[in-house]
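So the structure is just underneath, and the comments pick up after that.
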Amino acid sequence: MPSSAVRDIPQQHQAAPAAPAAPAAPAAPAAAAVHPVPDRQGGSLLAADPDLRALLPLYLPPDLFNHLLPHLERMGALAGGVLDELAGVADRNPPELTYRTRAGVDAQRIDKHPAYVEMERVAFAEFGLAAASHRGGVLGWDKPMPPAAKYALTYLFVQAEFGLCCPLSMTDSLTRTLRKFGDPALVGRFLPNLTTQVFDDLYQGAMFMTEQGAGSDVAATATRAVRDASAEGGWRLHGDKWFCSNPDAALAMVLARVEDEAGNAVPGHKGVSLFLLSRQLEDGSANHYRIIRLKHKLGTRSMASGEIRLEGAHAYLVGEPGRGFVQMADMINNSRLSNGVRAAGLMRRALTEGLFIARERQAFGKRLQDMPLMRRQLLKLTLPTEQARTMVFQTAEALRRADAGEPDAYALMRILTPLIKFRACRDARKVTGDAMEIRGGCGYIEEWSDPRLVRDAHLGSIWEGTSNIVALDVLRAVRREGALPVLQAHLAGLLADTPMQAGARAVFEGAIATAAKLAAQAAAAGADGELLARQAASALYHVTSAVAMAWEAGRIGSVRRMRLAQLVLRHRVLPQDPLAASEEPAWLAETVAPADDGAVRAAGAVDAVNVF
């Protein structure tokens, strides 16, 4: 893989020394004990997370897991070293919009830092993260991979670089939507470039949906689509789009309002249609739209986001006129799951850093992890981190089954997706902030990963639907898709397949029933039930993740994971007396700070655990 992009970074643009070329796997970190400020830079993020290796065989076929393991090991090594360095450089050197050439020719382009381009090569070309679900041949696997495989690699990648995962997700989602709804000729024309691993031939994807007056309220879309037989695709688009990430992408999905036969805009959702917009026309000239400016964002600084003005841009209708909202929802749901993956990865990176510091940092003559308050803090980081990872793979499996046409799988996927988008993305904001505190003053310094994690974590609960919007979508899935009884049946099946102490099982069964009752009440109340949407969504998320973690614990024989599953209910669902004093259980130390020798330990019988 070419590495000159990293070596040739102009010195005047460098905020930090250029990272080494990506193909070289980083060495293990030096022993931290020789220096009072621990630094795990260069250590594999897969080796630091033995639970991931233990859990993946539950969600991947054995042959695929064995085939994928060397690639996971490489990604873990890169993410802990070279990619992390590249991400830091790209974060400090955001993209810039150039309007003209030096000769005065109008020719817009976005100049991306070579460190970002190198990360693009790793993600799109070497690992084929945007192509893996759509064709065989990626990483030597002879068929399209299930979602869990792609998300396992992305889960590691995002622990180093968050911003680029947005173009990765949009390219993947655009390809999925185009294949699902697009005209066969259109699919045949663009699919090879969307799924290639030849970097110079790659077409990246984007979504131009949001407008100043139409964010989550898609029915307020004002961009107009006018039929024009002389235009490529037969349509021209006019209007402004307000938040457009990856704005120089080769292809973008755009929502626009069609006109009736009299030339009047069709109102409401019925007028909103989905279009494919190409950056260049067939003759190589630029399509008729401009990037007005780039956004100066709190996080994801490595990746460009901008404002677009469509000035009669040529476009292709995707699917049926007036069905844009429905077709866009498929693309948005895929992107929301990707948001959940990213939130899970950010939390895991923050927890990995926190565990390392707590193990290696000494104060008052002892390690931080030997102090009761630190163990309590680590537990508060561990629970949401493990919940999110489990929900990623549960949702990925539901998506695989839904795409295969299995009964009830679509309804399950439809409720799991907004659940993970709602809760995991909110949890990531707190987990990354609290993990920064473990590092102390160094955590507030931009030389370390903590500030970038905190800034990036705030994106997930805003884009692709804010928390309120997504919580309401949980209730919509209950009402329109009949998703609640499907979810209950899924949880009952997992619980039945899990060895569990009788008293603990009764607590789980009661929590499932109570959470489902609240969600049903909120959904049945219509507009009056909206006030309960967030409470109901959180309850379903916590119960679902706890049951699934307990199932995982039974399958891999992990007492530690069974404790964590039960602690999710105890800390995040069941009533507690905030004024009651409690002693630390003897098993807490090994639960929050497991041995770092790569083993997933099971020190006793899973079905004997009861922390309630």
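Nothing fancy with the numbering, it's 1 onward along the sequence.
- In this structure, NE2 on His458 lies 7.0 Å from CG on Leu298, to the nearest 0.5 angstrom.
- In this structure a side-chain-to-backbone donor-acceptor pair under 3.5 Å is missing from Ser169 to Cys165.
- Under 4.0 Å is where a charged nitrogen must lie from a carboxylate oxygen, and between Arg348 and Asp49 at least one such pair does.
- Contact between Ser558 and Val606 at its shortest, heavy atoms only, is N-CG2, 3.7 Å.
- Heavy-atom neighbours of Lys297 NZ from other residues, nucleotides or ligands within 6.0 Å: above the threshold of 12.
- In this structure, Arg455 CZ and Arg301 CZ are separated by 4.0 Å, a value rounded to the nearest 0.5 Å.
- Side-chain atoms of Ile332 and Met207, non-hydrogen and from C-beta on, do get closer than 4.5 Å to each other.
- Using a distance-only test at 3.5 Å, with no hydrogens or angles considered, a donor-acceptor pair links the side chain of Arg375 to the main chain of Gln369.
- Judged purely by distance below 3.5 Å, without hydrogens or angles, the side chains of Arg176 and Ser133 never pair a donor atom with an acceptor atom.
- Note that CG of Leu475 is 10.0 Å distant from CG of Leu484, once rounded to the nearest 0.5 Å.
- In this structure, Ile462 places its CD1 atom where more than 12 heavy-atom neighbours from other residues, nucleotides or ligands lie under 6.0 Å away.
- Qualifying ring pair (Phe, Tyr, Trp, His ring centres under 6.0 Å) partners for Phe393, counting only residues two or more places apart in sequence or in other chains: Tyr59.
- Side-chain atoms of Gln159 come within 3.5 Å of backbone N or O of Tyr155 as a donor-acceptor pair.
- Residues satisfying the salt bridge (charged side-chain N to carboxylate O under 4.0 Å, His left out) test with Lys112, not counting sequence neighbours, are Glu120, Asp248.
- The CG atom of Asp91 lies 12.5 Å from the CG atom of Leu86; values are rounded to the nearest 0.5 Å.
- Judged purely by atom type and a 3.5 angstrom limit, Glu590 has no side-chain atom pairing as donor or acceptor with the backbone of Arg560.
- No donor-acceptor contact under 3.5 angstrom links the side chains of Arg389 and Thr385, judged on distance only.
- Among residue pairs with one or both ends in residues 504-517, none qualify as salt bridge (Lys or Arg N to Asp or Glu O under 4.0 Å); sequence neighbours excluded.
- The closest side-chain heavy-atom distance from Thr154 to Leu168 is not below 4.5 Å.
- Between Thr432 and Ala457, the closest heavy-atom pair is OG1-CB, 3.6 Å.
- For Ser461 and Arg426, the side-chain atoms include no donor-acceptor pair closer than 3.5 Å.
- Note that Arg452 lies outside the cation-pi zone of Phe162, set by a 6.0 Å cut-off to the ring centre and a 45° limit from the axis.
- Between Val486 and Arg414, the closest side-chain pair of non-hydrogen atoms is not below 4.5 Å.
- Looking at Glu73 and Arg53, a side-chain N of the basic residue comes within less than 4.0 Å of a carboxylate O on the acidic one, giving a salt bridge.
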Criterion side chain to side chain contact (heavy atoms under 4.5 Å, CB included) on Leu381 and Ile438, from CA distance to verdict: CA-CA 11 Å; Leu381 301 182; Ile438 295 178; 3.5 Å; yes
With side chain to side chain contact (heavy atoms under 4.5 Å, CB included) as the test, would you mind laying out the steps for Val89 and Arg92 before giving the verdict? CA-CA 5 Å; Val89 174; Arg92 292 185 289 271; 4.1 Å; yes
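- Closest heavy-atom contact between Ala358 and Met374: CB-CG, 4.2 Å.
- Legend: residues meeting salt bridge (charged side-chain N to carboxylate O under 4.0 Å, His left out) with Asp450, ordered by chain and number and at least two apart, are Arg439.
- Ring orientation note: the planes of Phe243 and Trp463 are tilted relative to one another, at an angle of 30° to 60°.
- Atom CG in Leu368 sits 7.0 Å away from atom CZ in Arg361 (nearest 0.5 Å).
- There is a side-chain donor-acceptor pair under 3.5 Å between Ser338 and Arg342.
- Side-chain contact check for Glu437 versus Gln377: some heavy-atom pair is nearer than 4.5 Å.
- Counting only distance, with no hydrogens or angles, the side chain of Thr300 and the backbone of Gly163 share no donor-acceptor pair below 3.5 Å.
- The nearest pair of heavy atoms linking Ala553 to Met562 is CB-N, 3.4 Å.
- What you find for Met331 and Ala206 is that their closest heavy atoms are CE-O, 4.2 Å.
- Side-chain contact between Ser538 and Phe422: present, with at least one pair of heavy atoms (C-beta onward) separated by less than 4.5 Å.
- Using a distance-only test at 3.5 Å, with no hydrogens or angles considered, no donor-acceptor pair links the side chain of Glu530 to the main chain of Leu472.
- In this structure the side chain of Asp39 reaches within 4.5 angstrom of the side chain of Trp448, judged on heavy atoms.
- Classification of Glu464 and Lys421 as a salt-bridged pair fails, no side-chain N sitting under 4.0 Å from a carboxylate O.
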Carefully, step by step, assess Leu45 and Arg40 under the rule side chain to side chain contact (heavy atoms under 4.5 Å, CB included). CA-CA 10 Å; Leu45 292 174; Arg40 67 167 311 282; 3.4 Å; yes
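- The stretch residues 150-171 participates, sequence neighbours left out, in these salt bridge (Lys or Arg N to Asp or Glu O under 4.0 Å) pairs: Lys150-Asp172.
- Within a 6.0 Å radius of NZ in Lys380, other residues, nucleotides and ligands contribute 12 heavy atoms or fewer.
- In this structure, the side chain of Asn334 does not engage the main chain of Asp330 through any donor-acceptor pair within 3.5 Å.
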Please lay out, stage by stage, how Arg400 and Glu397 fare under the test salt bridge (Lys or Arg N to Asp or Glu O under 4.0 Å). CA-CA 5 Å; Arg400 182 198 66 78; Glu397 174 61 10; 2.7 Å; yes
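- Between Thr514 and Val573, the closest side-chain pair of non-hydrogen atoms is not below 4.5 Å.
- Rounded to the nearest 0.5 angstrom, Leu52 CG and Leu55 CG are separated by 7.0 Å.
- Considering only heavy atoms from C-beta on, Leu83 comes within 4.5 Å of Met75 through its side chain.
- A side-chain N or O of Thr390 and one of Arg561 form a donor-acceptor pair less than 3.5 Å apart.
- For Arg572, the salt bridge (charged side-chain N to carboxylate O under 4.0 Å, His left out) criterion is met by Asp427, not counting sequence neighbours.
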Trp587/Val611 under side chain to side chain contact (heavy atoms under 4.5 Å, CB included): CA gap, chis, key distance, verdict: CA-CA 10 Å; Trp587 44 257; Val611 307; 3.6 Å; yes
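- Counting heavy-atom neighbours within 6.0 Å of Phe612 CZ, excluding the residue itself, gives a total above 12.
- In this structure, the side chain of Glu481 does not engage the main chain of Ala483 through any donor-acceptor pair within 3.5 Å.
- The backbone N or O of Ala523 lies less than 3.5 Å from a partner atom in the side chain of Arg479, making a donor-acceptor pair.
- Listed here is the closest heavy atom pair of Thr417 and Ile420: O-CG2, 3.2 Å.
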